Amino acid sequence: MRYQGTVYRPPSEAGSLIIQATLACPHNKCAFCGMYQGRKFHVRPIEEVIEDLDTALQVYGADRVRTIFLADGNTAVLPAEKLIAIGEAAKARFPGLQRITMYGSAKFLVKKSLEEWQGIAAAGITRIHSGLESGDAETLRAINKGVTPQEAVAAYRHVMSAGIELSVYLMVGVAGTERWREHALGSASVLNHAPPSFVRLRTFVPHPGTPWHDRWSQGGLTLLSAYEALQETRLLVEQLQGPTTLLSDHVSNFLDVQGQIPGDKATMLAEIDEALQWPRTAFRPPTERLVGLGL
Ligand code: SF4
C-alpha cells in the first residue's frame, strides 16, 4: 500500500486495512479541522486503488482482512460506479470481508440516488462515518460544516434507507460555554429525526492554525471544563430517543459514556451524575493543556 500525507481514520477502524481511495478532503473548510490543511483534494485512479488491494492481499493473505476503511476525508464523494468497482474488487480478493467503510459528510451524501447507494451497499460498503459535530444551526454555520440541521436529517435518512449503517460524530464543546445548551439540544434533535446506528463523541481541542483555534485564543469561544462537558453530554443523553448506540471512543473525552439508547439511558445518566461529584484530578488534564498535541 502506498500512503500520501497523514492518514486519518475513525478510532473504531483501528483494525481495518486502510486504502486511500481519495486524498485530502473536497470540503476542507470546517473551522476546527486541521487534518488536510494546505492539501488539495485528489481522486486516486482506480488502477492504483486496485494495486493497493493486490499488495494487501500479498502482505496479509486472503483471510486476514475483515474490514477495510477507504480513506481520506470524504471518500463518499466518489461516483457510485467507482465505489462499486472498489467494493467488488475488495470482496473478490478478501472472501472473509465483513465491512467496507468510509467518511462521508452529510453535504455529499445527498448527491447520489437511493439506487446508487443500494448498489454501493451491495458492493460491500455498508457503513459511513459522518462528522456532523453539532445539530445546532448557528454552530454548524459558524464552524462552516456546509450543512444545515434539516439537510443533515435528510442526508442521513437517505443513506440509511439504502441499508447503510451510519456512525455520526458529535464534538463535545465545539460551541463553547456560549452555546453548549443549544448545541446539545440541536444535536439531539437531528439524531432523533434520523437515528444513526452509532453516535460517537469526541471533545473539541483547538487545533493551531485553524479559525476555531483563533476564535478561542482571541476570547470568542470558551472551552468547557470537565464538569461543563459532562453537563453538555448529560443533556444530550437525556434528550436522545434512539434507537442508537452512544459511544465515547476517543481519547479527548473526559468520561467514557456509552450504552444503548433508550435501554441504558438511566444508567448512563447515573454514571454522569456520579462523575460530576468527582474531584477535578479524576479527569484528564484541562483541554487548554492538550492544544498542539495533535488530538
Ligand atoms: S469535512 Fe471532515 S475532513 Fe473535511 S474539513 Fe470538515 S472535518 Fe475536516
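Counting starts at 1 for both ligands and their atoms, in listed order. Note that the coordinates shown come from a computational prediction; the quantities given were computed from them, not determined experimentally.
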Would you say the side chains of [X] and [Y] form a donor-acceptor pair under 3.5 Å?
{"X": "Glu228", "Y": "Thr177", "value": "no"}
{"X": "Arg284", "Y": "Thr287", "value": "yes"}
{"X": "Thr22", "Y": "Asp72", "value": "no"}
{"X": "Asn253", "Y": "Ser248", "value": "no"}

Among protein heavy atoms, which sits nearest to [atom], and what does the distance come to when rounded to 0.1 Å?
{"atom": "atom 6 (Fe) of ligand 1", "value": "Cys30 SG, 2.3 Å"}
{"atom": "atom 2 (Fe) of ligand 1", "value": "Lys145 NZ, 4.1 Å"}
{"atom": "atom 5 (S) of ligand 1", "value": "Asn28 CA, 3.5 Å"}
{"atom": "atom 4 (Fe) of ligand 1", "value": "Cys25 SG, 2.3 Å"}

Which atoms of ligand 1 are found less than 4.0 Å from any heavy atom of [X]?
{"X": "Asn74", "answer": "1 (S)"}
{"X": "Ser105", "answer": "1 (S)"}
{"X": "Phe32", "answer": "7 (S)"}

For ligand 1, which part of Tyr36 has a heavy atom less than 4.0 Å away: the side chain, the backbone, both, or neither?
->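 Answer for Tyr36: side chain.
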Heavy-atom distances under 4.0 Å are what count here, so tell me which part of Lys29 touches ligand 1: side chain, backbone, both or neither.
->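 Backbone only; the side chain of Lys29 stays clear of ligand 1.
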Asp249 (side chain) donor-acceptor with Pro11 (main chain) under 3.5 angstrom = no
For the residue pair Phe108 and Val110, establish whether any side-chain heavy-atom pair is separated by less than 4.5 Å.
->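 Phe108 does not reach Val110 side chain to side chain.
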In terms of side-chain geometry, is the basic nitrogen of Arg179 or Glu138 positioned less than 4.0 Å from the acidic oxygen of its partner?
-> yes
Metal check, atom 4 (Fe) of ligand 1 vs Cys33 N/O/S, cut-off below 2.8 Å | no
